[in-house]
Amino acid sequence: MDFDFLNELNENQRAAVEYTDGASLVIAGAGSGKTRVLTYKIAFLLKLGIHPVSILALTFTNKAAREMKERIAQLVGEKTARYLWMGTFHAIFSRILRVEAEKLGYTKNFSIYDTHDSQSLLKTIVKEMKLDDKVYKASALHSRISNAKNNLISPKMYAADGELCKNDRIIKIPDFAQIYATYCARLRSADAMDFDDLLMQTNILFRDHPDTLAKYQEAFKFILVDEYQDTNFAQYLIIKKLAEKHEHICVVGDDAQSIYSFRGANIDNILKFKDAYRSTKIFKLEQNYRSTQTIVNAANSLIDKNENQIPKKVFSENPKGEQIIVNTAFTDIEEGSIIANKIVEFSEKYEYGQIAILYRTNAQSRVIEDALRKKAIPYRIWGGLSFYQRKEIKDVIAYCRLVSNHHDHEALQRIINVPARGIGDTTLAKLADAATAQSSTVWDILLDLPRYNLPINAGTTQKLSAFKEMILNFSEKIETLSAYKLLAEIVKTSGIIADTYSDKSPESQSKRENVEELLTAVHQFCETREKDNQTTSLPEFLAEVSLLTDQDTDKDDKTPKVTLMTIHAAKGLEFKVVFIAGLEENLFPSSFCNTPREIEEERRLLYVAITRAEEQCVISYAKSRFRNGTTSFCNPSRFLENIDEKYLDRESIGENSSEFFRKNDFWMDNNRFVPKESLPQNNYSKKRLSEITPDKTSNPNQNSTYADATTVKHSIFGIGKVVETNFEAGNEKVIVDFGAKGTKTLLTKFAKLEVIV
DNA sequence: TCTTCATAGTTTTTT
DNA sequence: ACTATGAAGA
């Protein structure tokens with residue numbers, strides 16, 4: 001047998017890979033080849049003859065699962081790798097829950113409520129209970145419920161817990177337990193689970209059905225868990241139960257990279273792993289292959305300031321490398337410009353694709369984007385508003401959900417009047433009230449509308465009936481049509497995007513394209529499943545798509561681009577050059593942090609950010625920043641003091657900031673400081689000025705960001721030349737000649753144009 | 001009932 | 001800045 005690939009591992013890595021006797025904990029420092037150990041271990045097991053379906057490998061994101069599967073496929077072949085149980089906790093256990101749904105009182109087509117659905121449901125409940133929605137905020141309630149579920153506290157247990165209820169009274173939400181109970185009841189009647197249910201219901205399944213548990217214990221001979229430091233109690237317990245029989249469990253993680261406690265992740269899971277599994281053997285991977293010595297040492301000097309951690313000494317034998325550059329900017333806008341300039345400088349040595357800009361919050365991306373666009377630096381953003389969160393996509397998905405599960409109330413509520421068909425809020429409220437009164441669902445009311453004698457006029461009754469018939473008609477085709485064909489029919493006959501055909505605005509255009517993109521995705525789904533001789537019904541597509549929240553749009557554009565993303569999203573990735581922006585108090589660490597424990601997590605977050613860099617790391621902060629509608633002054637982050645000064649190179653202090661401040665040479669525009677000259681070739685001051693005092697009589701081009709005849713690139717239309725620009729109601733419009741693709745009018749705030757130099 | 005306009009409230013990180 | 005809700009007009 002061919003085990004040559006093991007030679008690519010160092011001694012510790014290899015030991016971890018080859019150990020298959022009992023439980024093992026792999027403590028893997030940043031860049032120490034954690035993923036490699038995991039993939040090779042799975043490949044090793046497969047080559048030993050273990051059948052892929054008896055290996056369960058759990059990852060933190062869909063992307064991680066996908067990539068790991070690809071790498072394993074390279075080692076053992078695609079045909080074998082395909083059968084691995086590999087995916088996120090949520091994806092894997094939703095699969096199992098669909099199979100076992102009836103045991104828990106759900107159907108196999110249960111809906112999955114996303115965060116938005118959950119909060120919308122909570123709002124309804126708060127309203128129904130006539131509580132103050134300012135005291136009972138949906139987001140706060142939801143995170144509380146999420147917390148409870150992740151700790152496996154059911155509504156009953158919650159209500160019975162004196163401590164918890166007393167605490168609720170103290171923070172003035174005494175009715176929380178009741179809300180929680182109603183929320184769960186509503187989910188159940190809608191035949192829906194929220195994200196946290198996927199873990200909680202799995203636990204209930206395993207608790208109440210020992211035979212089922214035994215079946216999966218037997219099935220999964222080997223269990224591997226990636227990013228174990230970020231598991232919560234519900235996940236811990238699922239693993240514990242599944243692994244009980246064979247204790248062939250291997251978890252990999254790094255306590256120094258635990259950054260998801262806000263989601264219930266419990267760092268104790270990794271710190272106390274050896275207490276949970278008595279046979280535990282611990283492997284430590286301490287050699288960092290990714291980064292320069294300077295970067296590793298700087299990161300170490302930072303993380304040393306944390307009290308709670310497993311002792312380890314990560315080291316690098318790579319070249320010493322450059323120092324970490326620290327830049328100070330006067331404003332957030334200038335920060336963006338400094339970063340853009342630096343990228344231009346680096347671009348002689350590095351490709352854009354090797355550069356990443358990381359930040360604490362998504363909101364920070366905007367100014368950076370602006371700066372990059374000015375310099376014509378191509379970039380792509382990860383996260384933010386993802387494809388599946390767009391209105392039109394959510395609408396289409398809601399149709400699918402209602403078609404496969406008539407009791408999905410959030411879906412029904414969303415689309416009963418999309419497109420407008422004369423069924424307004426009042427009518428829906430009448431239906432919903434009746435449903436609550438009958439303790440059934442709106443759909444049940446619709447099925448037998450005349451019987452309930454609701455005060456709804458004949459016209460509306462007719463419309464409701466038509467809607468019901470339409471959905472029923474779709475539902476009838478679930479078995480006979482593929483997901484693609486059915487979805488195409490839904491899009492066509494429901495008229496969701498009908499109005500966008502008559503409208504030539506870029507918004508409608510992009511709506512249509514997004515829906516078409518979704519159709520392409522379904523098409524691909526069907527094709528792949530057909531190849532594997534699997535069925536391709538709509539509910540099956542839905543089951544997959546409900547958990548595909550982000551970053552599935554890897555449009556295979558070949559052009560190298562600078563990557564922008566939050567640090568959380570960057571976990572597990574690496575880049576030659578990493579910029580970390582916004583190192584300011586109240587931003588990083590976030591102002592939401594109060595306890596030392598929370599500060600430690602933020603410090604770990606910066607540790608994660610720094611250790612993404614292979615060769616160059618550039619940190620920056622601004623002295624003033626536009627946030628929440630106002631400009632506020634900020635102080636440099638305390639974490640800057642935490643990094644040993646000898647690894648830092650503080651550049652360009654005051655070079656073009658404080659001086660300008662002194663000279664008063666900046667615009668104070670809408671409470672925002674805009675340095676006049678600090679940005680090379682910038683048009684900000686002009687642009688801003690034009691926005692305050694739109695002057696239609698003057699030549700509009702003078703105010704524009706895009707001069708006439710500028711060559712620009714549009715993601716869809718390609719390369720074109722600017723013909724005309726103007727401002728209308730503060731919106732910048734450009735007319736661009738795309739040659740063969742025609743001349744288009746674009747709103748610059750929607751169309752992301754790149755300036756081509 | 002739908003559309004438009006105005007106002008208010010809110011912004012950490014994600015499956 | 002941006003969205004989400006509410007009020008007024010069509």
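Chain naming here is simple, since letters A, B, ... match the order of the sequence lines and numbering starts at 1 in each.
Distance CG (A/Asn586) to P (B/dT11): 17 Å, rounded to an integer number of Å. The interatomic distance linking A/Lys134 (NZ) with C/dG6 (P) rounds to 9 Å, in whole Å. If you measure from atom CZ of A/Arg366 to atom P of B/dT11, you get 18 Å, rounded to the nearest angstrom. Taking atom CD of A/Glu369 as the reference point, atom P of C/dA1 lies 15 Å away to the nearest angstrom. To the nearest angstrom, P of B/dT13 lies 11 Å from CD1 of A/Ile567. A/Lys391 places its NZ atom 10 Å from the C1' atom of C/dA4, with the value rounded to the nearest Å. Whole-Å rounding puts the A/Tyr113 OH to B/dT15 P distance at 21 Å. When the C1' atom of C/dA1 is taken as reference, atom CG of A/Asp332 falls 12 Å away, rounded to whole Å.
Counting any heavy atom pair closer than 4.0 Å across all strands shown, A/Tyr260 reaches sugar-phosphate atoms only and no base atom. At the heavy-atom level, A/Ile423 lies under 4.0 Å from the strands shown only through sugar-phosphate atoms. Across all strands shown, A/Thr115 has heavy atoms under 4.0 Å from base atoms, whether or not it also approaches the sugar-phosphate. Residue-level contact check: A/Asn417 touches the backbone only, with heavy atoms under 4.0 Å from sugar-phosphate atoms and none from bases. Nucleic acid contact class of A/Lys137 (heavy atoms, under 4.0 Å, all strands): sugar-phosphate only. Within 4.0 Å of A/Lys123, counting heavy atoms only, lie sugar-phosphate atoms of the nucleic acid but no base atom.
Between A/Ser591 and the phosphate of B/dT12, there is no side-chain N or O to OP1/OP2 separation shorter than 4.0 Å.
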Next item on the list: Dot-bracket for DNA chain C, please, read 5' to 3', with Watson-Crick or G-U wobble pairs under 3.5 Å on both distances, ( ) within the strand, [ ] crossing, | other strand, . unpaired.
Entry: ||||||||||

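Contact check on A/Arg414 versus A/Asp395 returns a salt bridge, with a Lys/Arg side-chain nitrogen under 4.0 Å from an Asp/Glu carboxylate oxygen. Taking the charged nitrogens against the carboxylate oxygens, A/Glu601 and A/Arg597 have no contact shorter than 4.0 Å, which rules out a salt bridge. Between A/Asp114 and A/Lys394 there is a salt bridge, since a side-chain N of the basic residue sits under 4.0 Å from a carboxylate O of the acidic one. Salt bridge annotation for A/Asp433-A/Lys430: absent, with no cationic side-chain nitrogen under 4.0 angstrom from a carboxylate oxygen. A salt bridge links A/Lys571 to A/Asp230: one of the charged nitrogens lies within less than 4.0 Å of a carboxylate oxygen.
A donor-acceptor pair is defined here as one N or O able to donate and one able to accept, closer than 3.5 Å; such a pair exists between the side chain of A/Asn232 and the backbone of A/Gln235. A/Tyr113 places a side-chain N or O within 3.5 Å of a backbone atom of A/Glu410 that can act as its donor or acceptor partner. Judged by distance alone, the side chain of A/Asn417 and the main-chain N or O of A/Arg421 form a donor-acceptor pair under 3.5 Å.
A side-chain donor from one of A/Asn457 and A/Thr460 sits under 3.5 Å from a side-chain acceptor of the other.
Considering only side-chain atoms of A/His568, the nucleotide from B/dT13, B/dT11, C/dC2 that sits closest is B/dT13. For A/Phe626, the side-chain atoms get nearest to C/dA1 when compared with the rest of B/dT14, B/dT15, C/dA1. Here B/dT15 is the nucleotide among B/dC2, B/dT13, B/dT15 with the atom lying nearest to any side-chain atom of A/Phe195.
Judged by centroid separation below 5.5 Å and plane tilt below 30°, A/Phe89 does not stack onto the base of B/dT15.
Near DNA chain B, meaning a heavy atom under 4.0 Å away, there are no residues from residues 600-612 of chain A.
Of the two residues near DNA chain B, A/Phe592 and A/Asp425, the one whose nearest nucleotide lies more 5' is A/Asp425. Both A/Cys593 and A/Ala420 lie near DNA chain B, and the one whose nearest nucleotide falls closer to the 5' end is A/Ala420.
On the P atoms, B/dT11 is 16 Å away from C/dG6, given to the nearest whole Å. Rounded to whole Å, the separation between the P atoms of C/dA4 and B/dT13 comes to 15 Å.
Other residues, nucleotides and ligands contribute more than 12 heavy atoms inside 6.0 Å of the NZ atom of A/Lys240.
The base of B/dT13 is not paired with the side chain of A/Arg263 by any donor and acceptor separated by under 3.5 Å.
Residues satisfying the ring pair (Phe, Tyr, Trp, His ring centres under 6.0 Å) criterion with A/Phe60, sequence neighbours excluded, are A/Tyr260.
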